[in-house]
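One structure is given below, encoded as structure tokens.
For the numbers below, each heavy atom of this structure counts, side chains included, while hydrogens, waters and symmetry mates do not. We count ligands from 1, going down the list as the structure has it; atoms in each ligand are counted the same way.
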Amino acid sequence: MSACEFESLEKSLESHVPEVELSEVKRILFGKETQKLDLPACAVSAAAERDFELKGYRFEAAQEQLRPPRRIRVGLIQNHVVLPTDAPILDQVNAIHSRIGEMVEVAAMCGVNIVCFQETWTMPFAFCTREKEPWTEFAESAEEGNTTRFCQELAKKYNMIVVSPILEREGLHSTLWNTAVVISNSGNVLGKSRKNHIPRIGDFNESTYYMEGDTGHTVFQTQFGNIAVNICYGRHHPLNWFMYSMNGAEIIFNPSATVGALSEPMWSIEARNAAIANHCFTCAINRVGTEHFKSEFTSGDGRKAHHDFGHFYGSSYVAAPDGSRTPGLSRTRDGLLVVELDLNLNRQISDKWSFKMTGRYSEYAEELTKAVRHDFKPNIVKE
Ligand SMILES: NC(=O)NCCC(=O)O
């Protein structure tokens, strides 16, 4: 069976692990079981008609005496590109807009408050090609671009916060960035968060296109909690998650584009570990499918030139601060994952494990300050 035919780890476990052992296997692998969320029949039938997977789960928190629950719903969307990568640019963008529009409509039926799309969701992940044209033509203004206007309409219509990761073209000098635009449920652009770690691995030749982001570790205060966006490659950097959390993020979204051969064994660990380590929720979103490019490109590893990146394996999921996680979406299909979370769980787990209290931050800061200097002498004892 090829990587793009394997549907999901959870399905495989359910088919092959004996019934009496399954719940224990799942508890050890995935943490406390997340309850299924009842989704409205209209949403279930719309998703089936529109041919995408719809899953819903709920993370519980304890009832507190002094604070009411802070329950909100997030929606994670993963999707294939709709048209071939050599179709006219505007047709490609419009086709993806209309696909996402119909998925967001279902998210609204499910009561989603914050929706997040995959990394550079309006385009194929063409950075493997190293060609500037036509791919840079997908770049748009974060404030004024068509995609932002489209998302503003969605946000207003559905009273939903939209996290829209795009290829951004900025200002007088046409600087390109990989940027998540955060649109408030009022329809206003609340701000943007730029990808701050750029991969230089395999076919991920993104440094050819845009620079390391300059927006720091911004957190957006919204009606539905404090949110932050750690774009794709940032998830390999524990301090990146940490800094968003230090700035008060209660939910950190990780819109991504990554392929099976490269990162799949790390996928289920990294965002989940970040949720545990930082007492927050994390939402990992990956695109899905195999994208073919007209021109061949090489990977610089001796392999023959080829026309695709390999399989983007989807598997989007949400992780909670208690170490539990939802099952992932499919590895092969478009999907919407709706997850209800009670933000009170963050402080409850913080009170239990207290990592923010036990962390020796001033000590790390002092040692790090030394470690980044050219005259740094590592603290190693030798015989
Ligand atoms: N989009 C992106 O940064 N991908 C890099 C590969 C990975 O982080 O798995």
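Heavy atoms of Tyr233 found under 4.0 angstrom from ligand 1 belong to the backbone as well as the side chain. Only the side chain of Leu262 comes within 4.0 Å of ligand 1, counting heavy atoms alone; its backbone N, CA, C and O stay farther away. Contacts between Glu206 and ligand 1 below 4.0 angstrom, taking non-hydrogen atoms only, involve the side chain exclusively.
Heavy-atom proximity to Ser263, at under 4.0 Å, picks out these atoms of ligand 1: 9 (O). Of all atoms in ligand 1, numbered sequentially from 1 with element shown, those under 4.0 Å from a heavy atom of Lys195 are 1 (N), 2 (C), 3 (O). Contact atoms of ligand 1 toward Pro199: 2 (C), 3 (O), 5 (C) (distance under 4.0 Å to a heavy atom of the residue). Contact atoms of ligand 1 toward Ala257: 1 (N), 2 (C), 4 (N) (distance under 4.0 Å to a heavy atom of the residue). Atoms of ligand 1 found under 4.0 Å from any heavy atom of Phe125, numbered from 1 in the order shown, are 1 (N). Atoms of ligand 1 found under 4.0 Å from any heavy atom of Glu119 (numbered from 1 in listed order, with element): 1 (N), 2 (C). Close contacts between ligand 1 and Cys232 involve ligand atoms 1 (N), 2 (C), 3 (O), 4 (N), 8 (O) [criterion: under 4.0 Å to a heavy atom].
Checking Asn146 against Glu140 by side-chain atom types alone, no donor-acceptor pair falls below 3.5 Å. For the residue pair Thr148 and Glu143, no side-chain donor N or O sits within less than 3.5 Å of a side-chain acceptor on the partner.
With a 4.5 Å cut-off on side-chain heavy atoms, Arg235 and Ser263 count as touching.
In terms of protein heavy-atom proximity, atom 9 (O) of ligand 1 is closest to Thr258 OG1, 2.6 Å. Protein heavy atom closest to atom 8 (O) of ligand 1, with residue, atom name and distance, is His236 NE2, 2.6 Å.
For Glu212 and Arg200, the salt-bridge test passes: some basic side-chain N is under 4.0 Å from an acidic carboxylate O. A salt bridge is defined here as a Lys NZ or Arg NE, NH1 or NH2 lying under 4.0 Å from an Asp or Glu carboxylate O, and Lys26 with Glu14 meets this definition.
Contacts classified as ring pair (Phe, Tyr, Trp, His ring centres under 6.0 Å) and involving residues 361-383 (residues at least two apart or in different chains) are given here: Phe242-Tyr361, Tyr361-Tyr364.
Ligand 1 lies within reach of Arg235, whose nearest heavy atom is under 4.0 Å from it.
By the 6.0 Å and 45° rule, Arg287 stacks over the aromatic ring of Phe312.
Aromatic ring pairs are classed by plane angle as parallel below 30°, tilted from 30° to 60° and perpendicular above 60°; the pair Phe281 and Phe59 is tilted.
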Exercise. Could you please spell out the steps behind the side-chain hydrogen bond (donor to acceptor under 3.5 Å, both in side chains) verdict for Ser330 and Glu7?
Key: CA-CA 6 Å; Ser330 154; Glu7 173 65 28; 3.0 Å; yes

